[in-house]
Amino acid sequence: MIKTDACIVGAGPGGAATALRLSYLGIPSILIDKSSFPRDKVCGDAISGKVTTLLNRLDPEILQRFNGQPIQSDVWGIKFVSPSFRELDIPFRPNYVRKSAEAPGYVSKRLDFDHFLIEEVKRRDNITFYESTAIADYERTADGWRVRSKDGSLEVETRMLIVANGAYSRFSRLQAGLEKDDRHYAAAVRAYYRGVKQLDQDNFIELHFIKSLTPGYFWIFPLPNGEANVGLGMRSDILARRKLNLNTELDKLLQEHPRLRERFRNAELVGKVKGFGLPLGSKRRQISGDHFMLVGDAGHLVDPLTGEGIGNAFYSGFIAAEQLEQCLQANDFSAAFLKAYDQRVDRVLGSEMRLSYRLQKMLMYPAVVNLLANIIAGNQKILHVLSGMYNDFSLREQLVKPLFWVKMIFKKS
Ligand SMILES: Cc1cc2nc3c(=O)[nH]c(=O)nc-3n(C[C@H](O)[C@H](O)[C@H](O)COP(=O)(O)OP(=O)(O)OC[C@H]3O[C@@H](n4cnc5c(N)ncnc54)[C@H](O)[C@@H]3O)c2cc1C
């Protein structure tokens with residue numbers, strides 16, 4: 001039996017970020033994962049500036065080590081393709097000059113990226129990491145939680161339990177009461193392809209809005225080894241209503257879509273097409289309780305428009321670590337005290353997710369996507385403004401305001 005103040009279940013980006021932040025705060029932790037690393041995680045593999053900002057905040061040397069490895073492609077912007085095939089190239093920075101500075105985003109296979117994080121975890125003396133150890137039991141004690149591994153090899157008594165074991169977290173469902181709600185949940189499939197034609201030379205990631213699949217989208221994200229991460233995601237309730245099967249839809253797209261079929265004609269599937277769930281943050285949930293906090297997907301924190309969850313898992317992990325520091329100082333681990341965790345996560349991520357939800361609803365209709373794409377494509381001024389939105393949230397908020405579009409349309413390009 002091990003006793004600790006901090007036990008983290010799940011060592012994906014959320015759990016690893018929590019352990020690293022705690023470590024830099026001088027707080028020892030136990031980190032447990034059922035897998036042995038390197039391990040795959042079904043994902044689009046796109047890593048936003050949120051992650052690199054936080055790694056840099058933790059320790060600039062971590063970011064240098066990340067940039068020093070050949071495991072990521074630098075991403076400089078997004079190519080949107082409307083249902084009517086209108087293409088819009090939007091750099092992540094206005095007045096974009098290629099390789100002018102550090103890239104604003106990356107694509108890195110989760111096999112590599114998560115392993116990189118685990119290597120960082122292993123550098124820290126005050127993180128005890130158990131891999132190949134699946135936690136099966138959670139039991140409330142007078143002073144926290146007792147967790148037990150499936151094979152009985154590990155038993156930990158902790159004052160604070162940080163649950164970061166992903167979209168299918170049993171603790172999140174059974175103990176914390178976060179039910180799956182199909183209107184706030186998405187499903188997605190992902191495949192690796194070699195030999196996809198016409199990948200962007202500056203690794204712009206591609207989001208294709210397809211008529212039958214809005215507000216979901218098809219993506220192509222270029223990887224550093226010449227492969228591409230290719231996938232399709234969609235809100236679960238809409239999938240069920242339209243009776244769509246994502247594997248079949250992906251197959252159909254690659255073989256029949258007038259633009260895509262040429263690009264994939266001689267491309268080779270590497271491995272299998274795999275699917276996984278995305279618990280979206282479009283519904284506000286309680287993500288803490290007596291002696292526990294939920295981090296990342298276990299706390300339903302995926303962006304409802306883009307499906308981005310790595311950055312949000314990182315942010316919630318950092319906030320959880322800082323909250324635990326407060327708990328230790330105040331010697332208070334109660335649900336009432338931990339409300340501060342929910343409040344801070346909401347302050348940092350809530351408005352962005354609510355905006356994404358509004359945009360998701362707006363993009364539900366192919367005609368609206370086509371109309372917006374046509375307006376934007378013919379107007380350099382709007383394109384310039386949109387470039388600033390990646391880094392400027394207040395600018396992004398304008399997107400849901402009709403007046404913004406009216407002003408933009410009547411401004412000379
Ligand atoms: C198809 C798809 C595409 C996506 N694309 C992107 C993208 O491009 N960019 C992006 O930012 N996000 C993307 N996401 C979302 C992203 O994958 C998740 O939001 C992110 O992985 C969340 O990190 P996490 O640490 O919370 O959970 P996870 O990464 O799921 O990590 C959870 C960890 O817990 C471990 N675990 C599970 N159960 C147990 C147990 N009982 N005991 C011990 N350990 C356990 C697992 O082995 C795993 O290592 C995508 C998701 C999907 C499904």
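Just so you know, these numbers come straight off a predicted model, no measurement behind them. For ligands, and for the atoms within them, numbers begin at 1 and follow the listed sequence.
- The two residues Ser212 and Glu249 make their nearest non-hydrogen contact at OG-OE1, 4.4 Å.
- Here the CE atom belonging to Met293 is positioned 8.0 Å from the OG atom belonging to Ser288, to the nearest 0.5 angstrom.
- Just one of Lys41, Lys109, Arg39 meets the salt bridge (charged side-chain N to carboxylate O under 4.0 Å, His left out) condition when paired with Asp114; it is Arg39.
- Residue Gly309 places at least one N or O, backbone or side chain, under 3.5 Å from an N or O of ligand 1.
- Note: no N/O pair closer than 3.5 Å links Val9 and ligand 1 by distance alone.
- Near Gly10, the atoms of ligand 1 lying under 4.0 angstrom from a non-hydrogen atom of the residue are 33 (C), 34 (O), 35 (C).
- Remark: ligand 1 atoms within the under-4.0 Å shell around heavy atoms of Asp45 are 7 (C), 8 (O).
- Remark: ligand 1 and Asp114 share no N or O pair separated by less than 3.5 Å (distance only, no angle test).
- Comparing Arg110, Lys50, Arg190 against atom 17 (O) of ligand 1, the shortest heavy-atom distance belongs to Arg110.
- In this structure, Glu256 does not pair ionically with Arg261, as no charged nitrogen and carboxylate oxygen lie closer than 4.0 Å.
- Of the protein's non-hydrogen atoms, the one nearest atom 2 (C) of ligand 1 is Cys43 CA, 3.6 Å.
- Under a 4.0 Å N-O distance rule, the pair Lys79/Glu206 does not qualify as a salt bridge.
- Those atoms of ligand 1 with a heavy atom of Ala164 less than 4.0 angstrom away are 32 (C), 33 (C), 34 (O).
- Aromatic ring orientation, Phe209 versus Tyr217: tilted (interplanar angle from 30° to 60°).
- Between Arg39 and ligand 1, a contact under 3.5 Å exists for at least one N or O pair.
- Side-chain atoms of Asp303 come within 3.5 Å of backbone atoms of Thr306 as a donor-acceptor pair (strictly under, hydrogens ignored).
- Below 4.0 Å from some heavy atom of Ser35 lie the following atoms of ligand 1, by number and element: 47 (O).
- Considering backbone and side-chain N/O atoms, Phe221 never comes within less than 3.5 Å of an N/O atom of ligand 1.
- Of all protein heavy atoms, the one lying nearest to atom 35 (C) of ligand 1 is Asp33 OD2, 3.2 Å.
- With hydrogens left out, the protein atom closest to atom 13 (C) of ligand 1 is Gly307 O, 3.2 Å, a heavy atom.
- Salt-bridge annotation for Asp143 and Lys3: absent, with no side-chain N of the basic residue lying under 4.0 Å from a carboxylate O of the acidic one.
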